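The structure appears right after this line, and notes come after that.
Worth saying up front: this structure is predicted, and the values here are computed from it rather than measured.
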Amino acid sequence: MKHRIYQPFDDTTQAFVEDGFVIVRGAFHAEDVEWCRKCVESLFDRKKDPHEEAVRIMDFMVGHKRFKNIVEGPWAKKIMQRFLGPDIAIFNYDALWINVPKDKNPVLLKGDHTDAWTGTSVNTIFAKVFLTDCD
């Protein structure tokens with residue numbers, strides 16, 4: 001499937017219905033995303049368990065203003081409201097997934113997937129912010 005890439009003002013509703021996801025480029029300030037990327041890059045210890053490192057890094061980033069700009073910022077809200085309507089809530093669950101391309105563990109090597117299995121309803125949207133050049 002060829003992924004369509006949209007800008008924040010684009011109408012992405014039809015693509016969301018057809019594909020089950022949309023990719024929106026430029027939805028967040030580049031400085032905020034770069035700050036998160038640098039945190040991961042500088043704090044990640046490759047000698048330790050990637051999952052435990054991800055939890056430790058998230059514990060550091062969650063309260064920071066730059067992280068909040070992404071999770072609770074105006075574009076996040078506008079995009080969610082586009083699909084869910086004006087009554088939205090943000091769950092207090094942020095996660096960092098670190099892919100390890102040479103690992104066979106499905107927790108460390110994720111391909112395209114959805115997170116509908118989590119038990120939340122159809123009125124839930126999962127958002128991902130890629131910190132590296134992902135294909």
Margin query: Between E52 and K48, does any NZ, NE, NH1 or NH2 come within less than 4.0 Å of an OD or OE carboxylate oxygen?
Written below: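 No.
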
Notebook entry, point to check: Are the charged groups of E34 and R37 less than 4.0 angstrom apart, N to O?
Noted result: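 Salt bridge: yes.
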
Which residues pass the side-chain contact (heavy atoms from CB on, under 4.5 Å) test with [X], not counting sequence neighbours?
| X | value |
| --- | --- |
| V129 | F28, V33, I70, L131 |
| F83 | T12, T13, F16, V22, I79, I125 |
| Q81 | I88 |

Notebook entry, point to check: How would you list all residue pairs meeting salt bridge (charged side-chain N to carboxylate O under 4.0 Å, His left out) that involve residues 67-78, not counting sequence neighbours?
Noted result: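 For residues 67-78: none.
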
Check: Listed by chain and number, what are the side-chain hydrogen bond (donor to acceptor under 3.5 Å, both in side chains) partners of Q14, not counting sequence neighbours?
Finding: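 So Q14 forms a side-chain hydrogen bond (donor to acceptor under 3.5 Å, both in side chains) with E18.
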
Item checked: Closest heavy-atom pair and its distance - C36, F67 ->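 Of all heavy-atom pairs spanning C36 and F67, the closest is SG-CD1, 4.0 Å.
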
Name each donor-acceptor pair under 3.5 Å that joins a side chain in residues 53-65 to protein atoms two or more places apart or in another chain, with its distance.
from	atom 1	to	atom 2	distance (Å)
E53	OE1	D45	N	2.9
E53	OE1	R56	NH2	2.7
E53	OE2	R56	NE	3.2
R56	NH2	L43	O	2.4
H64	ND1	R66	N	3.0

Margin query: Using 0.5 Å steps for rounding, measure from the CD1 atom of I23 to the CZ atom of F130.
Written below: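 Reported to 0.5 Å precision, the distance equals 6.5 Å.
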
